[in-house]
Amino acid sequence: KKSDDFAELLATVARDTYSSGYRVIFNWKNPPTITITQAPQTVAVTQTIVNEAFPLLTYVFFQENSASIPNRYRLLSEDDTATFDYKALPPDAMVYYYNMLNIIGRRMKATPQATITITGCNANTDNEQNNLALSQQRAEAVAAYLRRVWDIAPERMIVESRNLPVAPSRNTDEAARSENRRVEINSDTWDIIKPVVFKSTTYERADTDTASV
C-alpha cells in the first residue's frame with residue numbers, strides 16, 4: 001500500500017536471495033521493476049591453442065658483384081647469441097627470414113651431430129659471368145659468420161660454389177638476376193631447416209547458468 005512497504009519487501013527478497021548467490025538490482029522507476037540475476041554456478045573457460053608454421057627460407061641474397069652479407073639480415077655479436085631465442089620473435093615471416101642465419105646457428109648448436117651444405121651462386125651475367133670465385137666468397141662469408149659468431153666447427157659446414165643455382169630464376173630482368181645472386185643452405189637433418197612454429201594460447205571466459213527475471 002505504501003512505498004515503504006514495497007521497499008521492505010524488496011529488502012526481504014534481497015536478504016533471502018543473497019545467501020543463495022543471487023545479485024539483486026533495484027530499479028526505482030515508475031512503475032518500479034526488479035531485475036534479479038543469478039550468479040553463475042559454473043564458469044566455462046575456453047582455451048584456444050594456435051600453432052602457426054612459417055617455412056624457413058634458407059637463402060641469403062647478395063648485392064651485385066658483392067660477397068658482403070647485406071645489413072638487412074640481422075647479424076649478431078658473439079655476446080648476443082647467449083640470449084637469442086627465435087621462439088620469442090614476433091610471428092612474422094620476414095622477421096624469421098632476416099634472422100635465418102641466427103636460427104640456423106641456434107639449431108646447429110642444439111643439434112651437434114648435424115651438418116650443413118653452404119652453396120654460393122651468382123647471376124652468371126655481366127660482372128658475375130662465370131665468376132665462381134665470387135660464388136665461393138659468398139659461401140665463405142656465410143660460413144665465416146656461423147663459425148665466428150655461433151662457434152660452428154668448420155668440419156660441420158661443407159662449402160661449395162657454382163654459377164647459377166640448381167633451380168635458377170630466368171635472367172630476363174634485374175629482379176630475376178637478383179634472385180640468383182644467393183647462398184643456399186641445406187641440411188639432411190630436418191631439425192636444422194624445418195619451419196618455425198609459433199604457438200599462441202588464448203582464454204575466453206563464458207559464464208553459464210545465468211537467468212534474469
**OP:** Following the transitive rule for hydrophobic clusters with a side-chain heavy-atom cut-off under 4.5 Å over Ile, Leu, Val, Met, Phe, Trp and Tyr, establish whether I116 and V159 coincide in one cluster.
**Re:** no
**OP:** Kindly indicate, with the supporting measurements, whether the criterion side chain to side chain contact (heavy atoms under 4.5 Å, CB included) is fulfilled by V166 and T119.
**Re:** CA-CA 10 Å; V166 174; T119 305; over 6 Å; no
**OP:** Taking all non-hydrogen atoms of both residues into account, name the closest pair between V196 and Y86 and its distance.
**Re:** CG1-CD1, 4.0 Å
**OP:** May I ask you to check whether over 12 heavy atoms, not counting those of D85, lie within 6.0 Å of atom CG?
**Re:** yes
**OP:** Please work out whether the ring planes of Y97 and Y73 are parallel, tilted or perpendicular, with thresholds of 30° and 60°.
**Re:** perpendicular
Original post:
Is the closest side-chain heavy-atom distance between D80 and V149 below 4.5 Å?
Top reply: no
**OP:** Indicate, with yes or no, if Y59 and M157 share a hydrophobic cluster defined by side-chain heavy-atom contacts under 4.5 Å among Ile, Leu, Val, Met, Phe, Trp and Tyr.
**Re:** yes
Subject >> Residue pair N127, L134: steps toward the side chain to side chain contact (heavy atoms under 4.5 Å, CB included) verdict >> reply: CA-CA 10 Å; N127 292 329; L134 177 61; over 6 Å; no
**OP:** List the atom of P70, the atom of F61, and the distance in Å for their closest heavy-atom pair.
**Re:** CG-O, 3.2 Å
Original post:
Does CZ belonging to R170 count more than 12 external heavy atoms closer than 6.0 Å?
Top reply: no
**OP:** To the nearest 0.5 Å, tell me how far L56 CG sits from I104 CD1.
**Re:** 5.5 Å
Original post:
Got more than 12 heavy atoms from elsewhere within 6.0 Å of CG, D173?
Top reply: yes
Original post:
Is it true that E140 and R147 have a side-chain N and a carboxylate O under 4.0 angstrom from each other?
Top reply: no
Original post:
N180 side chain to S169 main-chain N or O, any donor-acceptor pair under 3.5 Å?
Top reply: yes
Subject >> side chain to side chain contact (heavy atoms under 4.5 Å, CB included) partner of W150, the single match among R107, K109, M108, E78 >> reply: K109
**OP:** Would you mind checking if E160 and R162 are paired as a salt bridge, meaning a charged N to carboxylate O distance below 4.0 Å?
**Re:** no
Original post:
Would I158 end up clustered with L146 when hydrophobic side chains under 4.5 Å apart are linked, directly or stepwise?
Top reply: no
Original post:
Any sub-3.5 Å donor-acceptor pair from R156's side-chain atoms to A114's backbone N or O?
Top reply: yes
Original post:
Could you give the distance from CD1 (I192) to OG1 (T58), rounded to the nearest 0.5 Å?
Top reply: 11.5 Å
**OP:** Determine, using the 4.5 Å side-chain heavy-atom cutoff (strictly less than), whether V60 and Y98 are members of one ILVMFWY cluster.
**Re:** yes
Subject >> Least distance between heavy atoms, R74 atom then Y145 atom >> reply: O-OH, 4.0 Å
**OP:** Given side chain to side chain contact (heavy atoms under 4.5 Å, CB included), test L75 with L101 step by step and report yes or no.
**Re:** CA-CA 8 Å; L75 303 180; L101 290 176; 4.2 Å; yes
Original post:
What distance separates N102 CG from L89 CG, expressed to the nearest 0.5 Å?
Top reply: 9.0 Å
Original post:
Which heavy atom of R72 sits nearest a heavy atom of Q63, and at what distance?
Top reply: NH1-NE2, 3.4 Å
Subject >> Atom of R138, atom of R182 and distance for their closest heavy-atom approach >> reply: NH1-N, 4.4 Å
Original post:
For the atom pair CG (N186) and CD1 (I118), what is the distance rounded to the nearest 0.5 Å?
Top reply: 10.0 Å
**OP:** Please assess F62 against V142 for the test side chain to side chain contact (heavy atoms under 4.5 Å, CB included), listing each intermediate value before the final yes or no.
**Re:** CA-CA 11 Å; F62 288 78; V142 171; 4.2 Å; yes
**OP:** Identify whether Y96 and F84 are in the same connected component of the hydrophobic contact network (ILVMFWY, side-chain heavy atoms under 4.5 Å).
**Re:** yes
Original post:
Between R106 and T81, is there a donor-acceptor pair closer than 3.5 Å when you use the side chain of the first and the backbone of the second?
Top reply: yes
Original post:
Is the shortest heavy-atom distance from the side chain of N130 to the side chain of N124 under 4.5 Å?
Top reply: yes
Original post:
If we ignore angles and hydrogens, is there a donor and acceptor under 3.5 Å between the side chains of S135 and N122?
Top reply: yes
Subject >> Spacing of N65 atom CG and N131 atom CG [to the nearest 0.5 Å] >> reply: 6.5 Å
**OP:** Answer yes or no: is there a donor N or O on one side and an acceptor on the other, between the side chain of S66 and the main chain of S68, under 3.5 Å?
**Re:** yes
Subject >> Nearest atoms (heavy-atom pairs only) where T115 meets S187 >> reply: O-OG, 2.8 Å
Original post:
In Å, rounded to the nearest 0.5 Å, how long is the span from CE of M94 to CE of M100?
Top reply: 11.0 Å
